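Everything below concerns the one structure shown next.
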Amino acid sequence: MDLDFTAILPSLPYILKGIGVTLKIVLVAGLLGFAFGIILAIFKISKYKALHWFADVYTSIFRGTPLILQLMIIYYGAPQIIGFEISSYTAAVVSFSLNSAAYISEIIRAGILAVDKGQKEAAMALGVPGNRMMRDIILPQALKNILPALMNEFITLTKESAIVTVIAANDIMRRAYIVGGDQYRFFEPLIFAGLIYYFMVISLTFIGKLVERRMRQSD
């Protein structure tokens, strides 16, 4: 066994620069997925069957197919339809946000349905409009209840972001692979990349627990 982690020391700053790329993809995709997920969740509980049907079909497709397939269709297949190429960053954000929205919509839907019906009945008795009731009363309570599940989805998105290496996005994994190819030593840089992902996930888990604890104290 020939392992020498000192051999990759000069390349560590190059790999570390991939953290910014990874976080940029995850944060933007997470926010877009969350926003679209709320819309889909509202569609799912809507009294209009067309909206309900659309949200269910959308969720079924994006939860029933591999994320890497969705990524490759958007990056390699979409240009055939739209007539121009898109960047690896754009493809990553679009595919991750669309995929994440499907999962987040189910989480939010469950959170909305878990809110005490008395809250809705009281708001209706006071004459609160439906849109305002959902925005100011139902959603805030639902989001507080589903915060741990949302954090788990964000953590999953962070780990799954490593697949952008297949479309040559210069994230952590891609840079570690490049270093391994240059030095003909893949084990060391890939282990280092794994440690970066591990500490990112641990940090997100800690932040999630901290936010959850503070929200409980505010009750």
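Fair warning: this is a prediction, and the values are worked out from it, not measured in the lab.
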Q: List the atom of A91, the atom of L71, and the distance in Å for their closest heavy-atom pair.
A: O-CD1, 3.8 Å

Q) Is V164 close to F96 at the side-chain level, that is, under 4.5 Å between some pair of heavy atoms? A) yes

(Q) Quick one, Y75 and E85 - any side-chain contact, counting heavy atoms below 4.5 Å? (A) no

Q: Output the distance between atom OG1 (T158) and atom CD1 (I172), rounded to the nearest 0.5 Å.
A: 9.5 Å

Q | Joint cluster assignment, I68 & V94, ILVMFWY side-chain distance < 4.5 Å | A | no

Q: Quick one: do F34 and L150 satisfy side-chain contact (heavy atoms from CB on, under 4.5 Å)? Show the steps, please.
A: CA-CA 9 Å; F34 177 71; L150 288 176; 4.0 Å; yes

Q: First locate atom CD1 of I104, then atom CD1 of I146, and finally report the distance between them rounded to the nearest 0.5 Å.
A: 8.5 Å

Q.
Could you check whether K159 makes a cation-pi contact with Y197, meaning its NZ or CZ is under 6.0 Å from the centre of the six-membered ring and within 45° of the ring axis?
A. no

**Q.** Flag, side chain of S95 to backbone of A92, donor-acceptor distance under 3.5 Å
**A.** yes

Q) Would you say the side-chain atoms of R175 pair up with the backbone N or O of Y14, donor to acceptor, closer than 3.5 Å? A) yes

**Q.** Nearest non-hydrogen partners of P10 and A7, listed with the distance
**A.** CD-O, 3.7 Å

Q. Between atom CD of E188 and atom CG of L9, what is the distance when rounded to the nearest 0.5 Å?
A. 10.5 Å

Q. Do V179 and R185 come within less than 4.5 Å of each other through their side chains, counting heavy atoms only?
A. no

Q: Run the numbers on Y103 and R63 for side-chain contact (heavy atoms from CB on, under 4.5 Å), then give the verdict.
A: CA-CA 7 Å; Y103 289 90; R63 293 181 66 182; 3.8 Å; yes

**Q.** Worked verdict on F5 versus F187 for side-chain contact (heavy atoms from CB on, under 4.5 Å)
**A.** CA-CA 9 Å; F5 284 90; F187 186 87; 4.2 Å; yes

Q. Do the non-hydrogen side-chain atoms of M173 and L190 ever get within less than 4.5 Å of each other?
A. yes

Q: Taking all heavy atoms of A193 and all of A176, pick out the closest pair and write down the distance.
A: CB-CB, 3.8 Å

Q: Examine distances only and state if a side-chain atom of N99 and a backbone atom of F62 form a donor-acceptor pair shorter than 3.5 Å.
A: yes

Q: Would you please indicate if the ring centroids of F36 and Y58 are separated by under 6.0 Å?
A: yes

**Q.** Identified side chain to side chain contact (heavy atoms under 4.5 Å, CB included) counterpart of V28 within the set I25, L32, L31
**A.** L32

Q: Please answer: with hydrophobic residues joined when any side-chain heavy atoms are less than 4.5 Å apart, are F154 and I207 in the same cluster?
A: yes

Q. Is L12 linked to I19 within one hydrophobic cluster, defined over Ile, Leu, Val, Met, Phe, Trp and Tyr using a side-chain heavy-atom separation of less than 4.5 Å?
A. yes

Q.
Using only atom types and a distance under 3.5 Å, with no angle test, would you say the side chain of S87 pairs donor to acceptor with the backbone of T90?
A. yes

Q | Any donor-acceptor pair under 3.5 Å from Q70 side chain to T65 backbone | A | yes

**Q.** Chi angles and distances behind the side-chain contact (heavy atoms from CB on, under 4.5 Å) call for L40, F54
**A.** CA-CA 9 Å; L40 287 173; F54 169 81; 4.0 Å; yes

Q. Should we say atom OH of Y198 is surrounded by more than 12 heavy atoms from elsewhere, each under 6.0 Å from it?
A. no

Q) Should the heavy atoms of other residues, nucleotides or ligands under 6.0 Å from OH of Y177 be counted, would the total exceed 12? A) no

Q | Closest non-hydrogen atom pair between Q183 and S11, with its separation | A | NE2-OG, 3.2 Å

Q) Does I82 share a hydrophobic cluster with Y89, counting links as ILVMFWY side-chain heavy atoms below 4.5 Å and allowing steps through other members? A) no

**Q.** Separation of L147 CG from I107 CD1 (nearest 0.5 Å)
**A.** 10.5 Å

Q. Are N170 and I178 close enough that some pair of their side-chain heavy atoms sits under 4.5 Å apart?
A. yes

Q: Check whether any side-chain heavy atom of K44 sits under 4.5 Å from a side-chain heavy atom of E106, and report yes or no.
A: yes

Q: Keeping the roles fixed (side chain from S97, backbone from V93), state whether a donor-acceptor pair exists under 3.5 Å.
A: yes

Q.
For a 4.5 angstrom cut-off between non-hydrogen side-chain atoms, does T59 reach S105?
A. yes

Q: Report yes if some heavy atom in the side chain of F199 is under 4.5 Å from a heavy atom in the side chain of L204; otherwise report no.
A: no

Q: Taking all heavy atoms of I86 and all of I74, pick out the closest pair and write down the distance.
A: CD1-O, 3.3 Å

Q: Report the distance from atom CD1 of I42 to atom CD1 of I108, rounding to the nearest 0.5 Å.
A: 8.5 Å

Q) What distance do M72 atom CE and I167 atom CD1 have between them, rounded to the nearest 0.5 Å? A) 9.0 Å

Q. Hey, quick one: are I39 and Y48 part of the same hydrophobic cluster, counting side-chain heavy atoms closer than 4.5 Å, chains of contacts allowed?
A. yes

